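These notes concern the structure reproduced below.
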Amino acid sequence: MCSILGVLGKTVSPEILQACFARTASRGPDMGRFVELPCGYLGFQRLSIMGLDERGMQPFRLGDDYVVCNGELYGFRPLRERLEEKYTFVSESDCEILLPLYREYGLEMFRALDAEFALVIYDAEKNSLVAARDPIGIRPLYYGALEGGGMAFASEPKDLMGLCEAILPFPPGCYWADGEFVRYADAAHVDQFAMVDEDAACARLHDLLIEGVQKRLDADAPIGFLLSGGLDSSLVCAIAQREMKTPIRTFAVGMDVDAIDLKYARQVAEYIGSDHTEVIITKEDVLQALPTVVELLATYDITTIRASMGMYLVCKYIHEHTDIRVLLTGEVSDELFGYKYTDFAPDAAAFQHEAEKRVRELHMYDVLRADRCISVNSLEARVPFGDLAFVRCAMAIDPALKMNRHGMGKYLLRKAFAADSLLPENILWRQKAAFSDAVGHSLVDDLKALAEATYTDAEAAEKCARYAHARPFTKESLLYRELFERYYPGQSRMVAGFWMPNRDWPGCDVDDPSARVLGNYGESGV
C-alpha cells in the first residue's frame, strides 16, 4: 500500500499538512515526497511493489501535470507499449502510465482501467485537481472541505482530522473534477441478467477467478497469502500454488484455545504444498490490541472490528518476521454469493437487491478491514474476488441460481471448481464459518466480556442514548463507539452504520451480527 494526499487551496500551511500526512507513514515506509503546486499540494508515501528503485517514486510528472496514486494497474504493460510510441517512461512502475492516459483520454480514462486505485491528478491547464477511486473502493480515499476553504483528499481519515470539519469516504466508481463528483462506473448495477444457465455461469466464474489470481501474482516484491481454511481464501491459495513454480507462503491465525479454522487451513496447506505458518493469539493479545485496531480501522462497526482482531495480529506477525510485501486475501466473495443470512432471502429479487447494497458498501466494511489491517503493517492487499471482470460476471448471474437451492451456500463457486481437484473435497464443500468465529469463538466472547465489565446496564443505556447516528444497541457496540469517538470525534458518518443481517427478512431480526446467532448456522462452526 501507499499513502496519498491532495490539497486544493493554500489556507493550511505546508508544515501542518505534512505533520497530518505523517500519521499514515506506515502505509508507505520506503520514501516520502511532498510537492507544492500553484493551486495546492500533493503528498506521497511509498511502499515499493512495482519498479522498486527510486525511479518509481511519485508524484510522477508529465510536463507541468502531476499524479499520485495508490494502486495496481493490471495488464499495464501492453498499454505502456502502445504509449511508448508517443511518451518516454523512466521507471518500471505501472502508475507512470496514468498521466499519458490522462493526456490521451481525459476523464474517460477511468472507465477503461482494470485496476484497484485511488489517485489525485494535478491538471496544470486547469490549475486544479482531479481525484478518482476504483469502482469497488478497494483502495481507500477520503475527502473533506478545509475549514479555511478548499478541498483535501487522503488515503485515510486520520490524515484529515483537524483539517476538515466533516470527513467522508470518497464514493467508489467516481471521479471529482470541477468541484463535483461524477459516477463513471457502478460495479453492482446490472441492466439484465446475462448468465442464466448454471453450467455456463460456473465455467465463466472458474476462468475469471483464475485470471484474477494470475494478475495479482505480478509483483517485484515478495508475495504471501492469508489462508483461513474457508472456501474463498483456500481457492485463492490453491490457484496461486498451481501457477507458481515454488511453494507459496501461507499464513493462518487462531486463538490458543478454540480456533476452528487452523486445522482446515493446515489441511489445505498440506494438500497444495504451501510453506505454511500458524500464528497463535491469546485473549491478552486481543484485548491489548483492541484500541489500536479501532484507531487503524476508523470504524465502530461490530463485525468489522471483531474480524479485524485476528487479521491485524497475523499481519503484524508477517511484517515483523518475514520479507513479504504483498498479501492476497479472500475478501469480496461473500457479498457476491451470499452470507448465511441470505439463505433467508424471500425471493431472488430480494437476494439481488441485498447483493447490490453489500457490494456498494464494501469499501466501508470487509474491504476497509483488509486494507487497514494489512497496510498499517506496511503490506499491500490484493483481492482476486474483487477483480472487476469477476465482480461484473457474478452480479450478472440470475440471482435465482445464486440462492441456496442445494443446502450449501456459494454452490456455484464450489461447483465451478469441483472438477479441478484444487482442494480436498471436505474443504470445497465445507459449510462457511464467520471469520471472527473461525479464529476462535472465545475471541468474540472475550470482547463481549470486556464490554460487560465496562458498563452497568444503566450506564450503557444512558450512554447509548447520547448518539443520534448509528446508535449503539449493546454494551459491545457502545465500547467500540466510545473508542471510535476517542480518535475520530464527531465523524461517525464515515460509516453508513452497523453491518447487520437484513432485519426485514424472517429469521434475521437479531441483535448480533455473527452468523452464530442464526438458525441455519448448523455445523459451520465446527
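Everything quoted here is computed from the prediction, not taken from an experiment.
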Would you call [X] and [Y] a salt bridge, taking side-chain N to carboxylate O under 4.0 Å as the test?
{"X": "Lys283", "Y": "Asp256", "result": "no"}
{"X": "Lys463", "Y": "Glu459", "result": "no"}
{"X": "Asp301", "Y": "Arg369", "result": "no"}
{"X": "Glu198", "Y": "Arg405", "result": "yes"}
{"X": "Arg306", "Y": "Asp512", "result": "yes"}

Open item on the list: Quick one, Asp261 with Arg430, criterion salt bridge (charged side-chain N to carboxylate O under 4.0 Å, His left out). Give me CA distance, side-chain angles, the key distance, then yes/no.
Closed with: CA-CA 11 Å; Asp261 273 358; Arg430 178 188 162 218; 2.5 Å; yes
TODO: With sequence neighbours left out, write down each residue that passes side chain to side chain donor-acceptor pair (under 3.5 Å) with Arg216, or none if nothing qualifies.
DONE: Glu116, Asp387
TODO: With salt bridge (charged side-chain N to carboxylate O under 4.0 Å, His left out) as the test, would you mind laying out the steps for Asp197 and Arg204 before giving the verdict?
DONE: CA-CA 11 Å; Asp197 177 77; Arg204 188 66 178 144; over 6 Å; no
Atom of [X], atom of [Y] and distance for their closest heavy-atom approach:
{"X": "Leu205", "Y": "Cys393", "result": "CD2-SG, 3.9 Å"}
{"X": "Asp446", "Y": "Leu287", "result": "O-CD2, 4.0 Å"}
{"X": "Ser228", "Y": "Ser233", "result": "N-OG, 2.9 Å"}
{"X": "Glu331", "Y": "Asp366", "result": "CG-O, 3.8 Å"}
{"X": "Leu379", "Y": "Cys315", "result": "CD1-O, 3.9 Å"}
{"X": "Ile136", "Y": "Ala187", "result": "CG1-CB, 4.1 Å"}

Return yes if some donor-acceptor pair links the side-chain N/O of [X] with the main-chain N/O of [Y] below 3.5 Å, else return no.
{"X": "Arg249", "Y": "Thr277", "answer": "no"}
{"X": "Lys402", "Y": "Ala394", "answer": "yes"}
{"X": "Thr329", "Y": "Val383", "answer": "no"}
{"X": "Asp334", "Y": "Tyr339", "answer": "no"}
{"X": "Arg139", "Y": "Leu119", "answer": "no"}
{"X": "Asn377", "Y": "Cys373", "answer": "yes"}
{"X": "Asp343", "Y": "Asn404", "answer": "no"}
{"X": "Arg382", "Y": "Leu327", "answer": "no"}
{"X": "Asp134", "Y": "Phe117", "answer": "yes"}
{"X": "Arg266", "Y": "Gly229", "answer": "no"}

Task: More than 12 heavy atoms from other groups under 6.0 Å of CD on Glu462 - done: yes
Open item on the list: Is it the case that atom NZ in Lys316 sees more than 12 heavy atoms from other parts of the structure closer than 6.0 Å?
Closed with: no
Open item on the list: Looking only at the side chains, is there a donor atom on one of Thr282 and Asp285 sitting less than 3.5 Å from an acceptor on the other?
Closed with: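 Judged by distance alone, the side chains do pair up.
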Open item on the list: If only side-chain N and O atoms count, and only distance matters, is there a donor-acceptor pair under 3.5 Å linking Tyr341 with Glu354?
Closed with: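 Short answer, yes.
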Open item on the list: For the CZ atom of Phe390 and the OG atom of Ser333, what is their distance to the nearest 0.5 Å?
Closed with: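 Here the rounded value is 6.5 Å.
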Task: Pairs satisfying side chain to side chain donor-acceptor pair (under 3.5 Å), at least one member in residues 177-188, at least two apart - done: Asp186-Arg360
Any residue meeting side-chain contact (heavy atoms from CB on, under 4.5 Å) with [X], in chain and number order, not counting sequence neighbours:
{"X": "Gln491", "result": "Met161, Ile167, Phe484, Tyr488, Met494"}
{"X": "Ser421", "result": "Tyr271"}
{"X": "Ala348", "result": "Pro399, Ala400, Met403"}

Task: Within residues 442-477 or reaching into it, pairs that qualify as ring-ring contact (aromatic ring centres under 6.0 Å, His included) - sequence neighbours excluded - done: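 As it turns out, the ring-ring contact (aromatic ring centres under 6.0 Å, His included) pairs with a partner in residues 442-477, which skip direct neighbours, are Phe473-Phe498.
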- [ ] Apply side-chain contact (heavy atoms from CB on, under 4.5 Å) to the pair Gln352 and Met395, showing each step before the final yes or no.
- [x] CA-CA 8 Å; Gln352 182 71 12; Met395 293 302 292; 3.7 Å; yes
TODO: Could you walk me through whether Glu452 and Lys448 pass the salt bridge (charged side-chain N to carboxylate O under 4.0 Å, His left out) test, one step at a time?
DONE: CA-CA 6 Å; Glu452 190 65 34; Lys448 287 183 173 181; over 6 Å; no
TODO: Is it possible for you to check whether Arg358 lies under 6.0 Å from the centre of the six-membered ring of Trp499, through NZ or CZ, and within 45° of that ring's axis?
DONE: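 Judged by the rule (NZ or CZ under 6.0 Å from the ring centre, within 45° of its axis), Arg358 counts as positioned above Trp499.
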TODO: Please confirm whether Arg481 makes a cation-pi placement over Tyr300, using NZ or CZ under 6.0 Å from the six-membered ring centre and within 45° of the ring normal.
DONE: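 Yes; both conditions hold, so Arg481 lies above the ring face of Tyr300.
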- [ ] Could you walk me through whether Val376 and Thr24 pass the side-chain contact (heavy atoms from CB on, under 4.5 Å) test, one step at a time?
- [x] CA-CA 8 Å; Val376 77; Thr24 51; over 6 Å; no
